[in-house]
Amino acid sequence: MTNLPKTYTPQKIEGKWYQFWQKNNYFHAEATSEKPPYAIVIPPPNITGGLHIGHALDNTLQDCLIRWRRMQGYNTLWMPGTDHAGIMTEVIMERRLADEGTSRIALGREKFIERMWQWKEETHDYIISQLQQLGCSCDWERERFTYDEGFCEAVNTAFVQFYEQGLIYQDTYMANWCPECNTVISNLEVEPIDIDGNFYHIRYPVKESPIVLEIATTRPETMLGDTAVAVHPDDERYQHLIGKKAHLPLCDREIPIIADAYVDREFGTGALKVTPAHDTNDYEIGLRHNLEQCAVFTRDGYINENAPEKYVGLSRSDCRKRVVEDLQSADYLVKIVPHRHAVGHHDRCGAVVEPTISLQWFMNVKPLAQRAIEATQKGEVKFIPERETARFYHWMENIEPWPVARQRWWGHRIPIWYCNACDAITAAMETPQQCECGASDFRQEEDVLDTWFSSGLWPFSTMGWPAETPELKTFYPTSVLVSGWDILFFWIARMIMLGLGCMDEVPFRTVYLHGLVADEKGQKMSKSKGNSIDPLETIAIYGVDAFRFALANASTPLPYVPLPESQIEAGRRFANKIWNAARFILMNLEKHPVPAETDTVGTHQEILEIAWIRSRLNYTIETTTDALENFRFYEAAQVLYAFLWHEFCDWYLEFTKQRIAQDEPEALWVAADILEQTMRLIHPIMPFLSEEIWQQLPHGGRRNEFAVDKSSVAIASWPEPIGENATAEATMATLMEVIESVRSIRGELNVPMGASVEVHIQCPDAEIRDRLETYLAQYLPAFTRVAGVIIAERLQKPPASAEAVIGELAIYIPLADVIDLDAEHARLSKRYQQAVKDVTAAQKTLDNPNFIQRAPEKVVAQKRAQLERLLVEQEKLARSIGMLTQSAEENDD
RNA sequence: GGGCGGGUAGCUCAGGUGGCUAGAGCGACAGCCUUACAAGCUGUAGGCCACAGGUUCAAGUCCUGUCCCGCCUACCA
């Protein structure tokens, strides 16, 4: 007896098959091969912790593509790895150190980095095991880390190259500064959050004049660093004040009143306080007017000595309170008006970002952005969904210099060397030997590079760049990049630019951007919101395949894809359904084994259900392939679900039961064949279950034309279309309709199971009758629990019978004792009303001469046939209702 | 302020280039332990496809406008 348990228990098989695949090296890609290449580089997960639901989706979809292409015969490379995630990792580590009562500074750079490496090992191992539990068929021999030795070389090479090209330069400029992390960050890392703040209206007295200027600000504490007041040059209210000086309250300083067109006359009071050291726009104004830059904050966000003594040492928020109090008591404060406005926060630590002037390393990405735009316009890169292309262009066209340095420790130290004697700057892979000035004493730049700089090299650095490797030759540019749309700018755009800069070629041909996983309320799942699903927990409960199926099924092209628990539950039920279908087939195969040398492929086409299920399988093969080709994973999932459950299980296997009972096991052998092919189709989505079943299905006992390799479904060939059979599909559709009508009557009229009833079928069309006769006689009793079937060209409707109409077919079920005439009347009336509605609609279309004239012939013919059928049905129903009413009246008599 | 996406059954969503009687899953209701599966089987109910115009023989689908919801982006202090 087959030792298959009644319910599917995924935990028992998942580990086993992953080990099997790895042992057989199925996931390894050869650097050179005759097969066409297909490559994906994984978006390397940050080593900041475990994988979340978004990773599960991202990697499931990648694995679907990779497994599918592998079966199609491509030399598939899925390049795995992890990312050192500079600031993020440091933020988390610093919190941890704080819990231990120590800090980054206390440890010192070297010790701190040591701790980071330790932690990296732990989280790395956890992440890899998660990916493996998810079933990811990565080429693990090639795994990389964005901070490993090879990467350091790649990063240094790229940096030096861009420096020499003049694209990377040092400059003093205002950039976003995180006072919490003590580093500069790029504007992408600034998250604007709406805050309920205030407008503080403050009086600035004009020197040697009775006039008092009123300015409005949301950040009163910055007034300590004001170096001007600006008005619009054409503003009549203030024109006469331009060139005069204003008294800066609380500071005992005088600042000039200047004219600058930036000022919006309509906004606030039309007078703007200017703080060039702490506001990006003020900084620009300051440059235009040669204003002093008076910084009043320290790098970590406290008031410094440039402010009046009483404020020194206060935090920014404390200082705001003090300033407002002091303004009020000195009668400088006019009013406070509530004002909601966006405040920039660091996306990694949440601190309020402070625009700060500092000496920084920048990369001028404009030229590369231009090349990226051109490459995209030429079709060298394609974005899916297409709407993302517009977002890409918009960002690329408005790109600004990229501050690439970070004042942190965990990351690639910038390969810049300062001469200790003359301060000359050298960019080099290693410490230079000698400076131009003759000295040989150097110090390396303290700053590290933005993590995105190194991950921007990912698609080629993982393949050995800067060396010219066979891997690069074979796999670059890679085939597709799969990622969430939220990192289009952070990462994908940078990869394209750096790929062009270093490889002179885009890094991938297609970018597939999936949605972000949301809960049932449409909210993005995230740990901080507490609505996220832990992949491992979910897998433990439902099994990987159910989870993967749910993810594939959820991945519609929407920007946020909901993943309610019920969908994962549905995945589990589906897995169980497949399991039991296999169980049924395998159990019966023991009694009816496939004889050696038996060919089940393409045979027995004369049997209706066999021809039909093959035709449906053909449709499934074509649709699944097309869906995967176009990144419509949800469609692949749905079509496989519908085929397996509603066509294969609900119908075909039920027919098979009858065949087996009649000792005709051929249908069973075909079932095994259909299931074998379907397991191949579903393998990219449900790798473990499909392998478990595929392994048990017969391949050796008969000729199998499709499976080139019989050792694993993971390397079996992808099914090819096997041809459709429209006649079989049409005949089967009618057969199904008859069966469903009889079932419906039984259900609606509450005919008890025990009641023995007969079915009389009138079928005037000889050809249809001929095609259906045997099958109806054979299957109707078993499918609908009726005692007997009569089929004739013409027959009388038996008295007190229920009726259904399918085109020309009439189905009568005599129910002399059990029929509820009122119920039957209601049932028929409802169908009649529907028929009238449909007839009217069809009639209206056909009455339109323009329709006949202009619509394609095929559509007109279809409409005519439809109307004809509907008219027959309508007429039959009308007659039956009439008869019913008549007999009811007779009963009354 | 600009731009994008969405509004279809109680809920979550499908419905590429207009053309079957608008579908699925979940949920609801009714009946079934039918020898693979109760994580199952059978049946039923439920939709002015947001609204208003327009194009067309034909609109859930294309165009215009309006109203909601979400997101991305922007220097209005």
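Letters A, B, ... are given to chains in the order of the sequence lines, protein chains preceding strands, and every chain is numbered from 1. Only this structure's heavy atoms are used, side chains among them; waters, hydrogens and symmetry mates stay out. Everything numeric in this text was worked out from a predicted model, so none of it was measured.
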Side-chain N or O of A/His646 versus OP1/OP2 of B/G25: is the shortest distance under 4.0 Å?
yes
Between B/A30 and B/U64, how many Å separate the two P atoms, rounded to a whole number?
49 Å
Tell me whether the side-chain N or O atoms of A/Tyr262 pair up with the base of B/C75 as donor and acceptor below 3.5 Å, since no angle test is needed here.
yes
Interatomic distance at P, B/G5 relative to B/G16, whole Å:
16 Å
Categorize A/Ile585 for me: base, sugar-phosphate, or nothing, with a 4.0 angstrom heavy-atom threshold over every strand shown.
nothing
Output yes when at least one side-chain N/O atom of A/Lys577 is less than 4.0 Å from OP1 or OP2 of B/C41, else no.
yes
Ignoring hydrogens and geometry beyond distance, is a side-chain donor-acceptor pair present between A/Asn553 and A/Tyr641 at under 3.5 Å?
no
Suppose you measure atom P in B/U61 against the same atom in B/G1; what distance do you get, rounded to whole Å?
28 Å
Is there a donor N/O on one and an acceptor N/O on the other, under 3.5 Å, for the side chain of A/Lys657 and the base of B/A36?
yes
Using 30° and 60° as the class limits, which term best fits the ring planes of A/Tyr560 and A/Trp485: parallel, tilted or perpendicular?
perpendicular
Base, sugar-phosphate, or nothing for A/Glu748, non-hydrogen atoms under 4.0 angstrom?
sugar-phosphate
N/O (side chain, A/Thr7) to phosphate O (OP1/OP2, B/A39) under 4.0 Å:
no
Using the C1' atom on both, measure B/C63 against B/U55 and round to a whole Å.
7 Å
Would you say B/C72 has OP1 or OP2 under 4.0 Å from some side-chain N or O of A/Tyr393?
no
May I ask you to evaluate whether A/Arg573 reaches the phosphate of B/C26, defined as a side-chain N or O under 4.0 Å from OP1 or OP2?
yes
How is A/Asp838 classified with respect to the nucleic acid when contacts are heavy atoms under 4.0 Å: base, sugar-phosphate, or nothing?
base
For B/C41 and A/Trp645 - does any side-chain N or O of the residue sit under 4.0 Å from the phosphate oxygens OP1/OP2?
yes
Determine whether any donor atom in the side chain of A/Glu654 lies under 3.5 Å from an acceptor atom in the base of B/A36, or the reverse, and answer yes or no.
yes
Students often get this wrong, so: under 4.0 angstrom with heavy atoms, is A/Gly270 touching a base, only sugar-phosphate, or nothing?
base
Roughly how many Å apart are B/U8 and B/A50, using the C1' atom of each and rounding to a whole number?
10 Å
Base, sugar-phosphate or nothing for A/Lys844? Non-hydrogen atoms, less than 4.0 Å.
nothing
Pick base, sugar-phosphate or nothing for A/Ser744, based on heavy-atom distances below 4.0 Å to the nucleic acid.
sugar-phosphate
Between the base of B/C37 and the side chain of A/Lys6, is there any donor-acceptor pair under 3.5 Å?
no
